[in-house]
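Written out below as structure tokens is the structure these notes cover.
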2 protein chains.
Amino acid sequence: MSMYRIDFNDFFTSAFSVDCILFGYSDGEIKALLIKRAMQPFENLWAIPGDLIYPDEDLEQAAERVLFELTGLNNIAMHQSQTFGKPNRHPQGRVITISYFALLRIEDFEVKASSWAGDVQWVSLKNMPDLAFDHNHILSSTYEMLKLKLQNEPICFDVLPERFTLNEFQQLYEFAFEQAFDKANFRKKIKHIPLIAHDEKQQNVKHRPAKLFSFDKIAYFEGIEQNRYTFKM
Amino acid sequence: MSMYRIDFNDFFTSAFSVDCILFGYSDGEIKALLIKRAMQPFENLWAIPGDLIYPDEDLEQAAERVLFELTGLNNIAMHQSQTFGKPNRHPQGRVITISYFALLRIEDFEVKASSWAGDVQWVSLKNMPDLAFDHNHILSSTYEMLKLKLQNEPICFDVLPERFTLNEFQQLYEFAFEQAFDKANFRKKIKHIPLIAHDEKQQNVKHRPAKLFSFDKIAYFEGIEQNRYTFKM
DNA sequence: TTAAATTATTGTCCAAATTACAATAATTAA
DNA sequence: TTAATTATTGTAATTTGGACAATAATTTAA
């Protein structure tokens with residue numbers, strides 16, 4: 001124990017926040033939802049939406065609250081990324097921030113600026129301005145985490161609709177990894193993932209409609225339990 | 001923004017801690033270094049060593065301090081795993097804890113119980129008792145993170161000596177993943193990792209000594225920069 | 001000094017996965 | 001009915017991965 005051990009209560013002088021990185025894809029690009037700060041510090045700079053966590057609030061709950069306040073979206077799974085805590089990262093005090101992310105389909109909802117900020121916008125990762133705080137760093141680390149999790153956990157099904165076509169599935173990976181895959185080969189690659197094929201087909205498309213699939217959670221978790229399986233993309 | 005937005009300063013009522021999971025291998029098993037708590041809460045229960053973070057202390061710095069106090073070891077890279085923050089996880093107040101881990105060679109050092117606790121011990125993951133707080137959960141999540149990072153980042157070189165034999169390299173993965181690999185095949189698998197082969201050989205072994213290698217950081221990071229490379233095991 | 005024992009290192013063969021690309025099937029729109 | 005479009009399946013070549021054998025280098029014991 002350190003020399004300068006102090007009273008337990010003296011430690012209760014920090015705040016913690018969540019920062020929510022919402023990734024979305026459109027026009028062949030991955031974008032993040034940013035807000036323009038309407039107040040000090042970093043007034044008028046773009047920033048990742050975040051908020052302090054209430055004292056009795058769970059971390060994920062806080063992340064989902066921020067998402068809801070910004071987008072009106074509910075029931076979107078948020079994934080924890082990393083925690084950032086350099087002593088001086090927040091000019092007003094010691095604030096340690098836990099980053100969460102989600103992957104969304106931009107066209108699925110309307111952003112509501114709400115009380116947050118003057119402006120809310122999807123910004124391409126390719127074209128990122130200087131952000132408030134250490135948010136550039138948080139954003140790029142979290143993008144790496146997104147890719148890592150897409151490769152090792154079935155989080156793709158959090159963002160895909162309940163029933164999806166194999167092409168939609170493929171496009172998600174194409175957008176996230178910014179590269180095209182061969183259709184036939186992609187289908188071979190996902191053969192090990194338990195999917196349920198439905199009789200239903202895509203509607204309202206002006207070409208041959210694709211078959212709809214859904215993720216077979218039960219079979220998946222059975223495979224995981226029995227250690228006979230690991231998700232790999 | 002939530003209805004019950006309160007003053008900024010009211011949020012500074014929480015504490016942060018780091019929990020340091022030290023994984024080590026010996027006798028063909030992965031073990032974690034645990035302490036027996038000498039005080040309330042959870043007195044006499046085994047726990048992951050951790051400590052509150054000082055107000056002006058960086059997270060990694062705190063993790064390295066805990067490691068040092070417990071083992072006397074310096075300059076071991078600690079890796080961030082996940083952050084745990086259920087409101088009631090600590091009976092004395094809201095404490096959010098950030099878990100860090102390191103992988104060590106048990107025979108490389110002596111544990112010093114120091115002021116920490118009555119007892120310090122390496123405990124096999126196979127044979128884990130009920131731990132204090134939510135430490136069983138933290139431990140198993142962090143073990144998963146260790147394996148994930150071993151597969152996707154070159155953290156193995158943090159724990160290997162600067163110059164190592166290919167067998168030592170292989171054994172590290174064998175211990176972590178609890179399975180044996182074929183020597184010849186392992187060598188093929190790591191062909192893409194930039195290693196420097198030295199003329200030097202293993203000393204004091206009673207058999208043909210193996211050649212020593214070291215990790216070529218420069219070549220590695222060049223490959224990463226230029227996007228011509230991803231670490232995969 | 002030599003042979004046996006031990007471990008390092010390299011090679012080979014076969015099966016499985018990956019890649020590039022082609023062929024066929026189903027549907028819409030004209 | 002046909003052209004256009006996209007879905008789906010197939011095939012052949014290449015690369016990777018796993019099982020196992022062969023050879024090389026070194027120590028130890030006879």
Side-chain angles (χ1 to χ4, degrees), chain A residues 28 147 150-152 156 160-161 163-216 223 227-233, chain B residues 28 147 150-152 156 160-161 163-216 223 227-233:
Chain A
K147 290 194 286 186
L150 276 174
Q151 278 177 320
N152 295 286
C156 49
L160 287 170
R163 294 184 178 204
F164 51 86
T165 69
L166 297 182
N167 256 4
E168 288 172 328
F169 190 3
Q170 180 173 344
Q171 280 165 23
L172 177 54
Y173 280 85
E174 291 184 330
F175 285 129
F177 290 92
E178 302 181 276
Q179 61 179 296
F181 301 111
D182 180 277
K183 278 189 183 186
N185 296 339
F186 186 84
R187 280 150 199 251
K188 282 183 213 161
K189 194 179 205 154
I190 63 171
K191 271 225 175 71
H192 71 287
I193 301 172
L195 298 181
I196 298 163
H198 299 278
D199 286 334
E200 207 182 335
K201 291 184 176 177
Q202 225 176 0
Q203 298 292 325
N204 303 322
V205 285
K206 17 184 185 312
H207 52 76
R208 172 179 173 184
K211 204 189 275 188
L212 293 179
F213 293 81
S214 59
F215 178 49
D216 190 344
N227 243 326
R228 294 282 162 272
Y229 183 83
T230 44
F231 186 90
K232 266 292 163 201
M233 286 293 287
Chain B
K147 291 193 285 185
L150 277 174
Q151 278 177 320
N152 295 286
C156 49
L160 287 169
R163 296 187 176 201
F164 51 85
T165 69
L166 296 183
N167 255 4
E168 288 172 328
F169 189 2
Q170 180 174 344
Q171 280 166 22
L172 176 55
Y173 280 85
E174 290 184 329
F175 285 128
F177 291 92
E178 304 183 275
Q179 60 178 295
F181 300 110
D182 180 277
K183 279 189 181 187
N185 297 338
F186 186 84
R187 280 151 199 250
K188 281 185 217 159
K189 194 179 204 153
I190 64 171
K191 270 226 173 71
H192 71 286
I193 301 172
L195 298 180
I196 299 163
H198 299 279
D199 287 333
E200 207 182 335
K201 290 182 175 175
Q202 223 177 1
Q203 298 291 325
N204 302 323
V205 284
K206 16 184 187 319
H207 53 76
R208 173 179 172 184
K211 204 189 272 189
L212 293 180
F213 293 82
S214 59
F215 178 48
D216 190 344
N227 245 325
R228 295 279 163 273
Y229 183 84
T230 43
F231 186 90
K232 266 293 164 200
M233 287 291 289

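Just so we're on the same page: letters track the sequence lines, and every chain starts at 1.
The distance between atom CZ of F186(A) and atom P of dC21(C), rounded to the nearest whole Å, is 20 Å. Remark: C1' of dT28(C) and NZ of K206(A) are 10 Å apart, rounded to the nearest angstrom. For R208(B) and dT6(C), the CZ to C1' distance is 11 Å, given to the nearest whole Å.
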Residues 179-188 of chain B side chain polar contacts: donor-acceptor under 3.5 Å, at least two apart:
from    : atom 1 : to      : atom 2 : distance (Å)
D182(B) : OD1    : A184(B) : N      : 2.9
D182(B) : OD1    : N185(B) : N      : 3.0

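Heavy atoms only, all atoms of each residue included: C156(B) and F231(B) are closest at SG-CZ, 4.3 Å.
Of all the residues in residues 163-170 of chain A, not one reaches under 4.0 Å from DNA chain C with any non-hydrogen atom. Applying a 4.0 Å cut-off to non-hydrogen atoms, the residues of residues 187-205 of chain A that approach DNA chain C are K188(A), K201(A), V205(A), listed by residue number.
Remark: F215(B) pairs with F157(B), Y220(B) by the ring pair (Phe, Tyr, Trp, His ring centres under 6.0 Å) rule, at least two apart or across chains. Among residues two or more places apart in sequence or in another chain, the side-chain hydrogen bond (donor to acceptor under 3.5 Å, both in side chains) test is passed with K206(A) by none. For N152(A), the side-chain hydrogen bond (donor to acceptor under 3.5 Å, both in side chains) test picks out K232(A), with sequence neighbours left out. A search for side-chain contact (heavy atoms from CB on, under 4.5 Å) contacts involving K147(A) returns Y143(A), E144(A), F177(A), not counting sequence neighbours. Residues meeting the side-chain hydrogen bond (donor to acceptor under 3.5 Å, both in side chains) test with E168(A), sequence neighbours left out: none.
At a threshold of 4.5 Å between non-hydrogen side-chain atoms, the residues L166(A) and L195(A) count as touching. Contact of the T165(B) side chain with the F213(B) side chain is not registered, since no non-hydrogen atoms from C-beta on lie closer than 4.5 Å. A heavy-atom distance below 4.5 Å is found between the side chains of I193(A) and Y229(A). Under the 4.5 Å side-chain criterion, counting only non-hydrogen atoms from C-beta, L212(A) is not in contact with F164(A).
Residue-to-nucleotide proximity on DNA chain C shows that, of H207(A) and A184(A), the 5′-proximal contact is made by A184(A).
Judged purely by atom type and a 3.5 angstrom limit, Y173(B) uses its side chain to pair as donor or acceptor with the backbone of L150(B).
Contacts between chain B and DNA chain D, taken as any atom within less than 4.0 angstrom of a protein heavy atom, begin and end at dG18(D) to dT28(D).
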Anything under 3.5 Å between a protein N or O and an N or O of nucleotides 2-5 of chain C, put it in a table, one pair a line.
none

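For residues 190-203 of chain B, the side-chain hydrogen bond (donor to acceptor under 3.5 Å, both in side chains) pairs, not counting sequence neighbours, are R163(B)-H198(B), R163(B)-E200(B), H198(B)-S214(B).
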